[in-house]
Novice: 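Input: one structure, supplied below.
Index from 1, following the sequence. Numbering of ligands and ligand atoms starts at 1, following listing order. Remember, predicted model here, so these are calculated numbers, not experimental data.
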Amino acid sequence: MIERTFVMLKPDAIQRGLVGEIIGRLEARGFKPIAMKLMHIPKELAERHYAEHKGKSFFNPLVEYITSGPALCMVWEGENIVIALRTMMGKTNPQDAAPGTIRGDFAQQTGRNIIHGSDSPESARREIGLFFNDYELQEHKRSVDPWLYE
Ligand code: IDP
Ligand code: MG
């Protein structure tokens with residue numbers, strides 16, 4: 001099923017110059033970009049985004065990390081993209097992330113794991129709504145689509 005997910009390249013990915021490499025992987029997979037914006041995320045928005053982790057020991061450092069510089073907030077579309085992107089990202093702890101995954105290739109610690117992707121279609125809807133207005137979502141057809149989807 002074609003669905004959408006929320007993807008964030010965290011401030012470390014921007015600082016380390018990994019944006020092109022990561023977006024290139026999503027493009028090469030055939031996923032379609034629907035929205036992108038570079039954003040220095042306000043603390044309140046970071047706290048809402050990560051609300052499920054409130055109270056955990058890593059919550060405050062996490063909010064500090066995510067708000068430490070601009071992040072690239074995006075919406076991407078594709079076949080089962082929520083799970084597919086989580087697989088491409090690799091495990092939360094880069095030490096457990098397989099080589100070939102984004103975290104497995106480019107990160108070392110959980111607290112600097114460079115990318116966020118929604119963990120379910122419901123989370124995706126919630127997160128897209130937190131970061132984007134409807135008019136920022138670019139619905140569009142591509143001539144390549146029939147070569148990706150039969
Ligand atoms: P996920 O990003 O793979 O979905 P979650 O468990 O939802 O992982 O955690 C959200 C984010 O919080 C992680 O990506 C990571 O940046 C941070 N985080 C999670 N657990 C820890 C930890 O034990 N230490 C430091 N940061 C953590
Ligand atoms: Mg998560």
Side-chain angles (χ1 to χ4, degrees), residues 1-139 148:
M1 199 192 30
I2 306 289
E3 59 187 17
R4 290 179 178 180
T5 197
F6 175 69
V7 185
M8 185 209 305
L9 305 192
K10 298 177 179 180
D12 45 349
I14 310 301
Q15 292 295 323
R16 293 179 54 209
L18 294 171
V19 168
E21 168 72 38
I22 297 169
I23 288 183
R25 290 185 179 207
L26 302 189
E27 281 190 313
R29 185 80 190 267
F31 294 143
K32 182 189 289 185
I34 300 296
M36 294 189 190
K37 66 180 164 191
L38 199 57
M39 185 180 181
H40 199 140
I41 300 172
K43 185 163 183 268
E44 306 70 47
L45 180 54
E47 287 174 350
R48 284 179 70 192
H49 172 65
Y50 281 123
E52 64 171 314
H53 297 304
K54 206 166 174 138
K56 294 182 186 165
S57 59
F58 61 84
F59 184 74
N60 288 337
L62 171 59
V63 170
E64 208 153 290
Y65 163 44
I66 291 303
T67 60
S68 62
L72 184 62
C73 302
M74 304 185 281
V75 178
W76 285 79
E77 188 179 271
E79 181 80 13
N80 292 320
I81 193 170
V82 172
I83 296 294
L85 183 85
R86 296 280 297 186
T87 304
M88 287 175 77
M89 283 164 50
K91 294 266 171 61
T92 304
N93 182 345
Q95 297 294 322
D96 301 328
T101 65
I102 293 165
R103 286 164 169 169
D105 286 349
F106 302 119
Q108 298 176 66
Q109 293 185 337
T110 306
R112 295 288 184 272
N113 64 1
I114 71 170
I115 185 169
H116 166 87
S118 308
D119 62 9
S120 69
E122 298 71 50
S123 300
R125 273 189 287 278
R126 185 186 78 87
E127 293 168 0
I128 291 168
L130 276 179
F131 285 87
F132 291 97
N133 292 308
D134 280 352
Y135 64 79
E136 295 178 293
L137 305 176
Q138 307 298 330
E139 186 112 39
L148 291 160

Novice: Please report, to 0.1 Å, the donor-acceptor pairs under 3.5 Å made by any side chain of residues 53-61, with sequence neighbours excluded.
Specialist:
from, atom 1, to, atom 2, distance (Å)
His53, ND1, Lys56, NZ, 2.9

Novice: Is there side-chain contact between Arg25 and Asp105, with heavy atoms separated by less than 4.5 Å?
Specialist: yes
Novice: How would you list all residue pairs meeting ring-ring contact (aromatic ring centres under 6.0 Å, His included) that involve residues 3-47, not counting sequence neighbours?
Specialist: Phe6-His49, Phe6-His116, Phe6-Phe131
Novice: Where the side chain of Glu79 meets the backbone of Met1, is there a donor-acceptor pair that is under 3.5 Å apart?
Specialist: yes
Novice: So Leu85 and Leu26, do their side chains get closer than 4.5 Å, heavy atoms only?
Specialist: yes
Novice: Please tabulate, one line per pair, the protein N or O atoms found under 3.5 Å from any N or O atom of ligand 1, giving the distance to one decimal.
Specialist:
from, atom 1, to, atom 2, distance (Å)
ligand 1, 2 (O), Arg103, NH2, 3.2
ligand 1, 3 (O), Thr92, OG1, 2.5
ligand 1, 3 (O), Arg103, NH1, 3.2
ligand 1, 4 (O), Arg86, NH1, 2.8
ligand 1, 4 (O), Arg86, NH2, 3.3
ligand 1, 7 (O), His53, NE2, 2.8
ligand 1, 8 (O), Thr92, OG1, 3.3
ligand 1, 9 (O), His53, NE2, 3.3
ligand 1, 14 (O), Lys10, NZ, 3.0
ligand 1, 14 (O), Asn113, ND2, 2.8
ligand 1, 16 (O), Lys10, NZ, 3.1
ligand 1, 16 (O), Thr110, O, 3.3
ligand 1, 16 (O), Asn113, OD1, 3.3

Novice: Without placing hydrogens or testing angles, list every side-chain donor-acceptor pair under 3.5 Å for residues 67-78, not counting sequence neighbours.
Specialist:
from, atom 1, to, atom 2, distance (Å)
Thr67, OG1, Val63, O, 2.7
Thr67, OG1, Glu64, O, 3.3
Ser68, OG, Tyr65, O, 2.6
Glu77, OE1, Arg4, NE, 2.8
Glu77, OE1, Arg4, NH2, 3.2

